[in-house]
2 protein chains.
Amino acid sequence: MQPASPGSRPEARPAGRPVSRQVLADHVYEELLASLMDGRLEPGAAVSIDGTARELDVSPTPVREALARLEHTGMVRRVALKGYRVAPMFTREDFAELMEARLAIEPVNARLACGRLTPGRLAELGQAVADLKTAPRGPSFAEYRDYLEADERFHRLIAELTGNQFMVAAYAALGGQVQRFRLFGGVGITDAENAIAEHQAVLDAFASGDPEKAAHAMADHVQKVRGRAIADAPAG
Amino acid sequence: MQPASPGSRPEARPAGRPVSRQVLADHVYEELLASLMDGRLEPGAAVSIDGTARELDVSPTPVREALARLEHTGMVRRVALKGYRVAPMFTREDFAELMEARLAIEPVNARLACGRLTPGRLAELGQAVADLKTAPRGPSFAEYRDYLEADERFHRLIAELTGNQFMVAAYAALGGQVQRFRLFGGVGITDAENAIAEHQAVLDAFASGDPEKAAHAMADHVQKVRGRAIADAPAG
DNA sequence: CATGATCAAATCCTATAGGACTGGCCGAAT
DNA sequence: ATTCGGCCAGTCCTATAGGATTTGATCATG
């Protein structure tokens, strides 16, 4: 991306595809989000506007816009005239609050989604669980990245299956935090066997077509995640 | 705000108060939010970056940052290279989805809040209901603005009373939409008597200290709002 | 009349410049 | 030795400039 040729955007456009084009701020946003999700940016670390701009070889303006959007997700926090920082480490209380919120939202999502399930979507859910089973779970982040991705995809699919844009928004406000916790909570992937079994139980409930059973299976899953994390949690 | 003196910020600082200072983007954000809440910006209307900058006598940069934050609230929508627009009018389906989401979140908020209630906070809730009763409810927006404000304040207070940052975030994602519906849904304030009685019922449940009763009263309120709006709704 | 090309204004998008603030370092004075 | 004040690099914040794109109107043509 040359500094003097911002017009180099229409590069590699296969055909007259009017698909929503991207601007630089979108690219910066995704880059920062990936850095946060991947753990490359640790909690508490400063995210300098100018520094990020230099690193990505863009001007500070799109970086500023991307960070403004990220702030609303809770992943980064801003102090006026002092800049942005990655949100601090989760405390035990934060985690308890997050699980409380998930318990309020995710079982409802499961109940609603169950009623609108199509064979295609059910297959997608099954694929997510299958990916969860086959994903490597090594100690380094690169090795369990796919596991986390499949986990998040499973829950997000259910949220989207509700067909309710507001439930999707409510879940999205939590989803990023869930991911962040998995990264920084310190528990790693010590509960894969249990978690996979619970996801499978949710999937089975969906397949049965009983919304109440689906909601119950999801509530059970979230509660058990909470229980395991509280048992494993380090300092807090 | 003179263009050539951005350093005119420390104006009127009574004492060495280190309270979080504001930057221009914050001011622009609040200004735009007020315009949206007040209905001065109608759904579908374009929100020009340069135009807003000229109107508020600032440069486009802070306007761009403010709009980036607003986009995440759902109040405005952005299309790359085409700009921002106020989110379109609520449809009947949108409204049904919003109420479904409120039903999932607000009764939980009420239950959690009931358990952490202090006399001071109960008084604040009572004040909100009292304001609701005394607020004028004329036909023009300026006349029922205070009514809407008291309504929103009541529900927001309950969300904050949970002490759960994620439930607050989830409610906040809905709160703005609730407000938007009241403005653009066309129903106006035709149900004030019923709504006030229901708010009073929620307040009474809180005063009784029974979390389940509070949750039930809140669910009852949301369901009745939904019922009245569906009956009154215009085109949809 | 309908349709498509041409052009100008408005707008979006990015880069750059420069003022203001912060935090750390160093030296001087007490 | 400690404290105070100045210096400086880094950063945030806003304004401005200019290229790229979209939009709407005007106009020519089938």
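Computed from a prediction, not measured in an experiment: that's the story for all the values here. Residue numbering restarts at 1 for every chain, and letters A, B, ... go by the order of the sequence lines.
- In DNA chain D, consecutive stretches of 3 or more Watson-Crick or G-U wobble pairs with both distances under 3.5 Å are given as paired ranges: C:1-30 with D:1-30.
- Residues satisfying the salt bridge (charged side-chain N to carboxylate O under 4.0 Å, His left out) test with A:Glu106, not counting sequence neighbours, are A:Arg102.
- For A:Glu160, the salt bridge (charged side-chain N to carboxylate O under 4.0 Å, His left out) partners two or more places apart in sequence, or in a different chain, are A:Arg156.
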Output one line per pair: protein atom, nucleotide atom from nucleotides 7-12 of chain C, and distance, for all N/O pairs under 3.5 Å.
unit_1	atom_1	unit_2	atom_2	d
C:dT11	OP2	B:Arg54	NH2	3.1
C:dC12	OP1	B:Ile49	N	3.2
C:dC12	OP2	B:Ile49	N	3.0
C:dC12	OP2	B:Asp50	N	3.3

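- In this structure, the side-chain contact (heavy atoms from CB on, under 4.5 Å) partners of B:Glu149, at least two apart in sequence or on a different chain, are B:Arg153.
- With sequence neighbours excluded, the residues that form a side-chain contact (heavy atoms from CB on, under 4.5 Å) with A:Asp94 are A:Phe90, A:Thr91, B:Gln165.
- Here the C1' atom of nucleotide C:dC13 and the NE2 atom of A:His27 are 16 Å apart, to the nearest Å.
- With sequence neighbours excluded, the residues satisfying side-chain hydrogen bond (donor to acceptor under 3.5 Å, both in side chains) with B:Glu30 are B:Gln22.
- A straight line from CZ of A:Arg78 to C1' of D:dC12 spans 10 Å, rounded to a whole angstrom.
- In this structure, A:Arg78 pairs ionically with B:Asp26, as a charged nitrogen and a carboxylate oxygen lie closer than 4.0 Å.
- Listed by first and then second residue, the ring pair (Phe, Tyr, Trp, His ring centres under 6.0 Å) pairs involving residues 41-62 of chain B amount to none (not counting sequence neighbours).
- Listed by chain and residue number, B:Glu193 satisfy the salt bridge (charged side-chain N to carboxylate O under 4.0 Å, His left out) test with B:Arg137 (two or more places apart in sequence, or in another chain).
- Between B:Ser59 and D:dT14, a side-chain N or O to OP1/OP2 separation shorter than 4.0 Å is absent.
- Put simply, CD on A:Glu65 is 17 Å from P on D:dC12, counting in whole angstrom units.
- One interatomic measurement links the two molecules: CG of A:Leu24 to C1' of D:dG19, which rounds to 14 Å at whole-angstrom precision.
- The distance between atom CG of A:Leu67 and atom P of D:dT11, rounded to the nearest whole Å, is 14 Å.
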